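Worksheet: the structure to be examined is printed underneath.
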Amino acid sequence: MSTKITGIAASDGIGIAKAYTLVDPDLSFEKTTVTDPQAEIDRLAAARKVTVTELEEIKAKALENLGPKEAEVFDAHLAMVNDPDFIKQVEDEITQKSCNAETAQQDVADQFSAMLEAMTDNAYMQERAADVRDVTKRVLSHLLNRPLPNLALVDSPVVVVSHDLTPSDTAQLDRQFVKGILVDLGGRTSHSAIMSRTLEIPAVVGTENATTSIQDGQTVILDGLHGVALAAPDDTELADYQQQASDFAEQKALWEKLKDEPTVSKDGQSFMLAANIGTPADLPAVLKSGAEGIGLFRSEFLYMDSDQLPSEETQFAAYKAAVEQMDGKPVVIRTMDIGGDKDLPYMQLPKEMNPFLGYRAIRISLKRQDIFRTQLRALIRASAFGDLGIMFPMIATLEELRQAKTIFNEEKTKLVAAGVKVGETIKLGMMIEIPNAAIFADHFAKEVDFFSIGTNDLIQYTFAADRGNERVSYLYQPYHPSLLGLINHVIKAAHRHGTSVAMCGEMAGDQTAVPLLMGMGLDEFSMSATSVLKTRNLMKHLDASTLSDLAEAAINDCETSDQVKALVEKLKTSQG
């Protein structure tokens with residue numbers, strides 16, 4: 001009999017494959033006294049040899065899938081495994097203390113890690129402490145004969161089952177073999193959810209118990225359309241879901257035909273669909289999706305993918321590539337949004353009780369103007385090669401916005417004075433993701449060319465609920481009448497001052513939210529590239545002239561999210 005696991009539908013599609021449980025084995029051990037130290041030294045040498053072979057395989061896979069820069073970390077790991085000083089210290093401890101290899105390896109690794117972490121004036125060396133721990137974990141796994149899971153070595157179809165997926169985990173996912181992602185933690189705006197949509201891998205998140213309910217190697221059906229998974233399904237369930245998977249593939253093929261079509265409603269009203277990206281590497285998927293622009297380029301990924309602050313030239317090359325490849329279509333680049341759950345080891349950000357409410361995004365940029373001015377110069381230079389907009393994140397007050405604009409104007413004036421060619425129509429905008437900014441939208445709208453509503457943060461701040469915490473995931477309510485009223489207020493306030501409004505949070509591609517946002521008059525919908533064609537298809541079947549009444553009823557007549565959802569479903573059914 002199958003086991004049913006329920007969660008949150010995070011990425012459309014149906015995946016059927018064997019479970020690959022991405023859960024570290026128990027690597028605990030007892031310290032023992034040995035009578036044959038040489039035998040322990042030989043055990044350790046054998047474990048190191050297997051570790052080297054494994055790391056070389058992982059490096060080759062990372063080089064193939066991710067490129068040379070991302071594969072560099074494994075060079076550091078290989079150097080550490082073969083480090084003669086480290087090896088000698090471990091062997092000396094085995095000999096002098098007559099202890100087992102596991103104890104000696106762990107003791108020496110702890111000493112090395114502590115020494116590296118104490119180098120507070122050298123961020124690079126501090127980071128190597130994590131490498132020592134990673135390598136030691138791998139050596140211990142072979143000493144104990146308890147292999148570590150490794151996504152880079154997956155070479156057959158699997159559904160990845162994990163407590164959570166880190167950015168480094170998702171970087172190793174190979175779409176050829178990973179047919180689904182099933183995660184205990186998170187919601188629709190968690191990293192694993194967003195990355196699964198970017199990679200077009202079906203996903204269910206926030207299950208709470210997937211890792212304890214599913215055994216490695218079990219057949220798993222993952223239904224990313226409805227947020228459920230079945231472990232060890234019977235033949236009838238398998239046949240049913242195989243048919244559903246086939247039907248969904250046919251549906252996607254129909255959506256593909258809309259790639260070069262305009263985005264218009266059933267009654268001919270035009271809308272703009274844009275895509276969100278992290279780096280220029282995401283652009284091929286955007287071009288394939290038929291998106292009409294980039295509504296959010298998350299520039300912080302350039303900082304997160306580097307072991308030091310990216311230079312002006314590095315950033316300029318990335319921004320220029322984006323605007324050139326979009327070939328005249330608008331590209332909006334958000335300035336660095338570091339902080340919260342996005343840390344930079346080399347920046348030594350302060351440890352805070354509430355990092356999402358602390359030193360992050362524009363607050364860092366205005367404090368560290370050296371970093372901010374470098375980024376703005378790169379952006380202003382790139383504006384000469386296409387239609388570029390610059391967007392400031394986490395703006396809470398007019399003073400912050402005006403200071404950011406002043407710094408932008410100073411850098412632009414310097415570049416023009418130096419004879420550098422810049423774009424003539426750079427648009428400046430801001431994210432609306434703090435409730436105060438939404439409430440004060442009338443005043444902000446006089447100061448910018450556009451707003452972009454960041455619903456991922458706006459929702460979590462409005463409901464005081466961490467969007468990545470599955471225990472409060474029920475409070476992530478994009479359809480709640482109060483939130484809809486706040487969004488409607490922002491749109492109407494902006495339009496009173498001739499300011500356009502986009503939405504770049506995940507809500508922009510939500511098929512229940514789209515009719516409501518159309519009814520409110522949202523100008524631009526920016527979403528994961530994989531959601532563009534599905535949203536264009538939905539808009540094509542909706543009569544826009546009826547949607548303002550829908551939005552008004554949702555805001556004024558409904559009291560709960562469920563009532564709003566029922567209202568939207570009734571309209572979608574009636575309009576077919």
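All values reported here derive from a predicted model rather than from experimental measurement.
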Residue pairs meeting salt bridge (Lys or Arg N to Asp or Glu O under 4.0 Å), one or both in residues 522-532, sequence neighbours left out, come to none
So the salt bridge (Lys or Arg N to Asp or Glu O under 4.0 Å) pairs with at least one residue in residues 247-259 (sequence neighbours excluded) are Glu200-Lys252
Taken in chain and number order and not counting sequence neighbours, the residues that satisfy salt bridge (Lys or Arg N to Asp or Glu O under 4.0 Å) with Lys534 are Asp12
Residue pairs meeting salt bridge (Lys or Arg N to Asp or Glu O under 4.0 Å), one or both in residues 311-323, sequence neighbours left out, come to Glu312-Arg377, Glu312-Arg381, Glu313-Arg381, Lys320-Glu324
Contacts satisfying side-chain hydrogen bond (donor to acceptor under 3.5 Å, both in side chains) that involve residues 277-295 (not counting sequence neighbours) are Thr263-Glu292
Residues passing the side-chain contact (heavy atoms from CB on, under 4.5 Å) test with Ala445, sequence neighbours excluded, are Phe451, His497, Thr499
For Asp562, the salt bridge (Lys or Arg N to Asp or Glu O under 4.0 Å) test, sequence neighbours excluded, returns Lys565
Going by atom type alone, with no hydrogens or angles, which donor-acceptor pairs under 3.5 Å involve a side-chain atom of residues 426-435 and a protein atom two or more places apart or on another chain?
residue : atom : partner : partner atom : Å
Glu433  : OE2  : Met394  : N            : 2.6

Residue pairs passing the salt bridge (Lys or Arg N to Asp or Glu O under 4.0 Å) test with at least one member in residues 490-504, sequence neighbours excluded, are Asp442-Arg496
Sorted by chain and number, sequence neighbours left out, side-chain contact (heavy atoms from CB on, under 4.5 Å) with Leu486 holds for Ala438, Ile439, Leu458, Thr462
Taken in chain and number order and not counting sequence neighbours, the residues that satisfy side-chain contact (heavy atoms from CB on, under 4.5 Å) with Lys412 are Ile380, Phe408, Val416, Val422
With sequence neighbours left out, the residues meeting salt bridge (Lys or Arg N to Asp or Glu O under 4.0 Å) with Asp223 are none
